[in-house]
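On a predicted model such as this, the values are computed, not experimentally measured, just so you know. Lettering of chains follows the sequences in order, A, B, ..., and the numbering in each one begins at 1.
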Protein chains: 2
Amino acid sequence: MAKSRSERAPESAAKSARASKVAAAGSARATRTPRRRLRADEAQKRILEAAEKQLTKVGPEGLRLTDLARVLGVSHPAILHHFGSREGLVAAVVRHALHTLNEQLLAALSRGPAAPGRAELMDMVAEVYGERGFARLLAWLLLSGRAAKPVRGGTDMPLKQLAEAAHALHAAKFPEARYEDTLFELQLGAIALLGDAIFGDAVRRASGAPATPATAREFRGRLAALLGARD
Amino acid sequence: MAKSRSERAPESAAKSARASKVAAAGSARATRTPRRRLRADEAQKRILEAAEKQLTKVGPEGLRLTDLARVLGVSHPAILHHFGSREGLVAAVVRHALHTLNEQLLAALSRGPAAPGRAELMDMVAEVYGERGFARLLAWLLLSGRAAKPVRGGTDMPLKQLAEAAHALHAAKFPEARYEDTLFELQLGAIALLGDAIFGDAVRRASGAPATPATAREFRGRLAALLGARD
DNA sequence: CGTTGTACTTACATGGATGTAAGCGGTAAA
DNA sequence: TTTACCGCTTACATCCATGTAAGTACAACG
């Protein structure tokens, strides 16, 4: 069967920006960009970061090697060269992203003041979840069934550490405080922040409020106040 | 390497169950099922329902006409015959699903007791969101950018009606109650319930709790208590 | 009963996406 | 400088999903 491939130069547009082998004959020698060749780990990092960005946008089903290659200015087999297959790339992105999510969460905690107010904590976590698109990524993974087990190789159950640390802090002031209550607050905070990143704007619109950064911040503030009502 | 397709005769299996034209020659005339032919609206309803189920599972990108056709026991052009294109089908499903979501939400409210406790309300809404997969569907739509405007043709801003009704109820007991507070409670409730349907199990696992229906119910109970703390 | 509209079928066309094969050439080690 | 490894390219194979064309047969209507 094997019908002709229509045009044979759809991909070459991006390529021309980085290596024009046609121009080497004349005087353009000096301006010719030599064919770049990165070290394997650098190339993989570059690909990984672009893939993560793409993944949070279009999800694991929507990720197209050709699109990614065009963005990166390479040919799509280059990606396959480094990651074996599309699924291999997705798995690598997921592993990397969940790992850095954990790191950023814990780092955000230790970086802040010793006992940050709940509002600041809320904003920090919201930033980690929202601004880098982790909530979207997590949602994609959970929806598509790729994140049955939270993190493959890394600190499992990161929220448990948070809960225990928070409870220790809280119990110093209120010795009779129960761990369950702290755990619930943490779970609600996490679920509400993650949910807010996905559903927040839609819910605000559906309830007649404008969907602006200001209303989102106000929501987080009220949430923090509610969670901090015990203290 | 594309393991999903496996055998090359998946579509004929279902078909053979309903119309075996090869067997008509001999004596099997009496047992032959005549080719079923539904009325257009019935066929569309059937397709729509199956498509909605599929959509909540695999998302709008993952919906495959051939898969859907196999489930329904028809050929995939039959679906195209009724909905024009894959996108047409997805759009129809979305329209239909968001419409019934609204209906069910409002129905759940009017069906319940005049002033249901927050815990019961919570469970009712959670059932609408969770059990029929509306939360998943909504999440898919929001993630893939298909639900910029909440509902095309129908009651826009359904939550606003809820908020106003709830505030009227509440203000009868506490005249100085502020609408903003009720609105926030409603938003938090919606976001937490939606977020719980997507992230709940993962968050509970990540915080060291088992992810069972019981823990989910307990979470909703605590949430209801928290939201009802004003009363 | 014959006619007719249309729900539905098979067969195919087309395009797009992943993955493979082979070779080129940059980079760095010897 | 030479050599060899390997990152990356072009060309191609293949598969799979949507959509089209044409025909078939069921059901309703005269």
Side-chain angles (χ1 to χ4, degrees), chain A residues 1-22 24 32-47 54 58 60-70 72-90, chain B residues 1-12 14-16 18-22 24 32-47 54 58 60-70 72-90:
Chain A
M1 228 28 104
K3 58 206 40 66
S4 59
R5 193 54 49 195
S6 57
E7 321 91 335
R8 196 59 299 210
E11 221 166 315
S12 56
K15 177 193 59 191
S16 67
R18 52 190 297 276
S20 56
K21 53 178 62 176
V22 288
R32 176 162 94 101
T33 307
R35 182 160 141 189
R36 254 322 252 298
R37 183 188 166 140
L38 301 169
R39 280 204 329 268
D41 56 341
E42 288 176 329
Q44 284 169 22
K45 186 162 166 255
R46 235 173 78 83
I47 295 172
Q54 199 79 356
V58 299
E61 309 287 321
L63 185 72
R64 300 275 167 257
L65 291 185
T66 53
D67 294 356
L68 190 58
R70 188 157 25 83
L72 287 166
V74 300
S75 65
H76 86 266
I79 301 173
L80 290 169
H81 173 71
H82 288 291
F83 293 92
S85 70
R86 199 191 89 108
E87 276 306 308
L89 172 63
V90 171
Chain B
M1 150 122 48
K3 71 205 56 186
S4 60
R5 205 53 48 205
S6 55
E7 322 91 337
R8 196 57 297 226
E11 215 163 323
S12 55
K15 176 192 58 190
S16 68
R18 51 191 298 276
S20 56
K21 55 178 59 176
V22 287
R32 177 162 92 99
T33 307
R35 182 161 142 189
R36 263 305 266 296
R37 184 187 164 140
L38 301 170
R39 281 207 328 269
D41 57 339
E42 288 176 329
Q44 285 168 22
K45 187 162 165 257
R46 237 172 76 82
I47 296 172
Q54 199 79 355
V58 300
E61 310 288 320
L63 185 72
R64 300 276 166 256
L65 291 185
T66 53
D67 294 356
L68 190 59
R70 186 158 28 83
L72 288 167
V74 299
S75 66
H76 85 267
I79 302 173
L80 289 168
H81 172 71
H82 287 292
F83 293 92
S85 70
R86 201 191 87 109
E87 276 307 307
L89 172 63
V90 172

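- One interatomic measurement links the two molecules: CG of B:D67 to P of D:dT18, which rounds to 8 Å at whole-angstrom precision.
- Here C:dA7 is the nucleotide among D:dC8, C:dT20, C:dA7 with the atom lying nearest to any side-chain atom of B:A40.
- Atom C1' of nucleotide C:dC8 and atom CZ of B:F83 are separated by 15 Å, given to the nearest angstrom.
- Checked by distance alone, B:H76 brings a side-chain donor or acceptor within 3.5 Å of a matching partner on the base of D:dG19.
- Between A:R37 atom CZ and A:E42 atom CD the span is 12.0 Å, to the nearest 0.5 Å.
- Residue A:P77 has its side chain nearest to C:dA21 when only C:dA21, C:dA11, C:dT18 are considered.
- In this structure, A:I47 reaches neither bases nor backbone, as no heavy-atom distance under 4.0 Å exists between it and the strands shown.
- The nearest whole Å value for the distance from the NE2 atom in A:H82 to the C1' atom in D:dC6 is 9 Å.
- Between the CD atom of B:E61 and the P atom of D:dC16 there is a distance of 20 Å, rounded to whole Å.
- Nearest to the side-chain atoms of B:R86 among the listed nucleotides D:dG19, C:dG19, D:dA17 stands D:dG19.
- B:H82 NE2 to B:K45 NZ: the interatomic distance, rounded to the nearest 0.5 Å, is 14.0 Å.
- In this structure, B:I47 CD1 and B:H81 NE2 are separated by 9.0 Å, a value rounded to the nearest 0.5 Å.
- Of all the heavy atoms in A:L72 and A:R46, the pair that sits closest is O-NH2, 2.7 Å.
- Rounded to whole Å, the distance from CZ on A:R46 to C1' on D:dG7 is 13 Å.
- To the nearest angstrom, C1' of C:dG16 lies 17 Å from CG of A:L68.
- Side-chain nitrogen and oxygen atoms of A:H81 include at least one within less than 4.0 Å of the OP1 or OP2 phosphate oxygen of D:dG7.
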Can you tabulate the close N/O pairs, meaning under 3.5 Å, that link protein atoms to atoms of nucleotides 1-5 of chain C?
{"unit_1": "C:dG5", "atom_1": "N2", "unit_2": "B:R37", "atom_2": "NH1", "d": "3.3"}
{"unit_1": "C:dG5", "atom_1": "N2", "unit_2": "B:R37", "atom_2": "NH2", "d": "3.0"}

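- For A:S75 against A:A69, the heavy-atom pair with the smallest separation is C-CB, 3.8 Å.
- Nucleotide C:dT27 holds its P atom 11 Å from the CD atom of A:E42, rounded to whole Å.
- Among the heavy atoms of the strands lying under 4.0 Å from B:A78 is at least one base atom, whether or not backbone atoms are also near.
- Listed here is the closest heavy atom pair of B:S85 and B:L80: CA-CD2, 3.7 Å.
- If you check every strand for non-hydrogen atoms under 4.0 Å, B:L65 touches sugar and phosphate atoms only.
- To the nearest 0.5 Å, the span separating CG on B:L89 from CD1 on B:I79 amounts to 7.0 Å.
- Residue B:L63 contributes atom CG, which lies 11 Å from atom C1' of D:dA17 at whole-angstrom precision.
- Of the candidates A:H76, A:Q54, A:R86, A:R64 forms a side-chain contact (heavy atoms from CB on, under 4.5 Å) with just one, namely A:R86.
- Nearer the 5' end of DNA chain D, as judged by each residue's closest nucleotide, is the contact made by B:L80, out of B:R39 and B:L80.
- Note on A:L89: nothing from the nucleic acid sits closer than 4.0 angstrom, heavy atoms only.
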